[in-house]
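Reviewing the structure listed below.
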Amino acid sequence: MYGDNSTPVFPKEDALTMIRLALAEDVRTGDVTSAWTIPADQKQHARLIAKEEGVLAGLPVIELVFQELKANVKVTLHKKDGDVVKKGDLIAEMDGTTHELLTGERTLLNFIQQLSGVATVAHAFQEVLKSGKTKVLDTRKTVPGFRTLQKYSVRVGGGSNHRMGLFDMVLVKDNHIAAAGGVLEALEVVRKNNTQNLMVEMEVENFDQLRLLLNKGVDVIMLDNMSNEMMAEALKIIKESGDKCLVEGSGNMTLERAKEIANLGLDFISVGALTHSVKALDISMRI
């Protein structure tokens, strides 16, 4: 749902699907290195340690990975999703055979590091926006198969979700507008077909397009690739028109730029970088 920043619920079933794929590509018939170098009955104690500051997300993956491996590993969590950690913080402890721990290590770390990276960036954006009303949104620029997990992590970090996919909201962009023959033409066909009463967002690139859409019942207007000055003028035009639509800024929304526009008056900014190129949070497992 557009603008959703409710308490996130971990998408367990989607996580299991991706964990099974990850284990299939990594483990296949077994961890030959561990099997050949370590006695099968050897037991160890392992710790997950944060190696840099960030926001955690995806910790339920730990138990799910060992569950899929049918491993008898005891997991003790010392942190939870949404917690801010610093370098050296203890995140979790695990007790089991060395084989089990090492076989699951890379898979669980890949998930937690990636998802914590998403949560950390979302948190950073929302922190610089907190002086105003603007909220940061994710996009559909997600790692294939990881969308629900990444969008969960965005909310863990304090951000909000845009639409989940092509099915749950109408978002008319430049290519739709060009193919339909204009913004009003595109809006007209959307209205004729929107029997599900889905939320409608329209992208505009200039003030002419914006004025054509005002007071036409559009739920959200996206100001696409506009300068800060253009967005300020667009917000003024919208306010003077009396239209109560939500306003989203999009395009080249860096952390530095977010600081500049925090008090501009936008309802949302959408940031593809929350998910498409995020740096994994550095976390290690030590036996």
Using distance alone, with no hydrogens and no angle criterion, decide if Q113 and S116 have a side-chain donor and acceptor under 3.5 Å apart.
no
Mark yes or no for whether E203, through its side chain, and D174, through its backbone, hold a donor-acceptor pair below 3.5 Å.
yes
Distance in Å, L108 CG paired with M285 CE, rounded so as to fall on 0.5 Å steps:
7.0 Å
Same apolar cluster (I L V M F W Y, side chains within < 4.5 Å links), V136/L171:
no
Would a single hydrophobic cluster contain both F125 and L223, if residues Ile, Leu, Val, Met, Phe, Trp and Tyr are joined by side-chain heavy-atom contacts under 4.5 Å?
yes
Of all heavy-atom pairs linking V55 and A119, the shortest is O-CB, 3.8 Å
A quick test of your reading: do over 12 heavy atoms of other residues, nucleotides or ligands sit less than 6.0 Å from CZ of R47?
no
Examine the side chains of D243 and S241 and answer whether a donor and an acceptor come within less than 3.5 Å of each other.
no
Any side-chain heavy-atom pair of N110 and T107 under 4.5 Å:
no
Any chance NZ of K79 has more than 12 other-residue heavy atoms, nucleotides or ligands included, within less than 6.0 Å?
yes
Does E52 form a salt bridge (charged side-chain N to carboxylate O under 4.0 Å, His left out) with K279? I'd like the steps, not just the answer.
CA-CA 12 Å; E52 62 179 327; K279 176 186 174 293; 2.9 Å; yes
For E53, what residues pass the side-chain hydrogen bond (donor to acceptor under 3.5 Å, both in side chains) criterion, not counting sequence neighbours?
none
Please name all residues satisfying salt bridge (Lys or Arg N to Asp or Glu O under 4.0 Å) with K130, sequence neighbours left out, ordered by chain then number.
E127
Tightest non-hydrogen contact, residues G159 and A122, listed as N-CB, 4.3 Å
Could you grab the distance from atom CG of L23 to atom OG1 of T103, nearest 0.5 Å is fine?
9.5 Å
Do we see a donor-acceptor contact under 3.5 Å between the side chains of N225 and E205?
no
Shortest non-hydrogen pair, A232 vs L264, comes out as CB-CD1, 3.8 Å
Taking salt bridge (Lys or Arg N to Asp or Glu O under 4.0 Å) as the test, write out the residues that go with K12, two or more places apart.
none
Using salt bridge (Lys or Arg N to Asp or Glu O under 4.0 Å) as the criterion, list what pairs up with E63, not counting sequence neighbours.
none
Co-members of M169 in a cluster of I, L, V, M, F, W and Y side chains, linked at under 4.5 Å:
Y2, L137, M199, V220, L246, F268
Interatomic distance, CD1@I238 vs CZ@R211, rounded to 0.5 Å, equals 10.5 Å
Please check: side-chain N/O of D4 versus main-chain N/O of M1, any donor-acceptor pairing under 3.5 Å?
no
Is H78 close to I91 at the side-chain level, that is, under 4.5 Å between some pair of heavy atoms?
no
In the single-linkage hydrophobic clustering (I, L, V, M, F, W, Y; side-chain heavy atoms under 4.5 Å), do V85 and L48 co-cluster?
yes
Do D41 and T97 make a side-chain contact, defined as non-hydrogen atoms from C-beta onward lying under 4.5 Å apart?
no
What distance do K151 atom NZ and S160 atom OG have between them, rounded to the nearest 0.5 Å?
10.5 Å
Distance-minimising heavy-atom pair for G165 and R147:
CA-NH1, 3.7 Å
Do the non-hydrogen side-chain atoms of L149 and F111 ever get within less than 4.5 Å of each other?
yes
Are K86 and D89 ion-paired here, with the side-chain N under 4.0 Å from a carboxylate O?
no
Would you say V218 ends up clustered with L210 if hydrophobic residues are merged whenever their side chains have heavy atoms under 4.5 Å apart, either directly or through other cluster members?
yes
D31: salt bridge (Lys or Arg N to Asp or Glu O under 4.0 Å) partners, not counting sequence neighbours
none
Kindly determine whether E260 and N228 satisfy side-chain hydrogen bond (donor to acceptor under 3.5 Å, both in side chains), including the steps that lead there.
CA-CA 8 Å; E260 297 171 0; N228 295 0; 3.1 Å; yes
Enter the distance from R286:CZ to E105:CD here, rounded to the nearest 0.5 Å.
11.5 Å
Hydrophobic clustering (ILVMFWY, side-chain heavy atoms < 4.5 Å, transitive) - are L213 and M230 grouped together?
yes
Pair N161-R155, side-chain donor/acceptor within less than 3.5 Å:
yes
Looking at side-chain heavy atoms only, is the closest gap between L16 and Q67 below 4.5 Å?
yes
I'd like to know if the side chain of D168 reaches the main chain of M164, judged simply by a donor and an acceptor atom lying under 3.5 Å from each other, with no hydrogens or angles considered.
yes
With distance as the sole test, does D267 use its side chain to make a donor-acceptor pair with the main-chain N or O of V247 at under 3.5 Å?
yes
Identify the heavy atoms of Q44 and L101 that sit nearest to each other, and give their distance.
O-CD1, 3.6 Å
Using atom types as modelled and distance alone, determine if a side-chain donor or acceptor of H99 lies under 3.5 Å from a backbone N or O of I38.
yes
Would you mind checking if E256 and K259 are paired as a salt bridge, meaning a charged N to carboxylate O distance below 4.0 Å?
yes
Tightest non-hydrogen contact, residues D14 and T148, listed as OD2-OG1, 2.7 Å
Hey, is the main chain of V200 close enough, under 3.5 Å, to the side chain of D219 for a donor-acceptor pair?
yes
Sub-4.5 Å side-chain heavy-atom contact between I269 and L129
yes
Would you say the side-chain atoms of D81 pair up with the backbone N or O of L59, donor to acceptor, closer than 3.5 Å?
yes
Run the side-chain hydrogen bond (donor to acceptor under 3.5 Å, both in side chains) test on H162 and E248 for me, step by step, so that the C-alpha distance in whole Å, both residues' side-chain angles and the decisive distance to 0.1 Å come before the verdict.
CA-CA 11 Å; H162 206 292; E248 173 187 334; 3.2 Å; yes
Working to the nearest 0.5 Å, report the span between CG of N206 and CG of L212.
9.0 Å
Would one find more than 12 heavy atoms of other residues, nucleotides or ligands at under 6.0 Å from atom CD of Q196?
no
Would you find a donor on one side and an acceptor on the other, under 3.5 Å apart, between the side chain of S153 and the backbone of A57?
no
Would you say Q150's side chain and V118's backbone share a donor-acceptor pair under 3.5 angstrom?
no
Under 3.5 Å donor-acceptor, E68 side chain and V65 backbone
no
Scan side-chain atoms only and decide if T139 and S270 contain a donor-acceptor pair under the 3.5 Å cut-off.
no
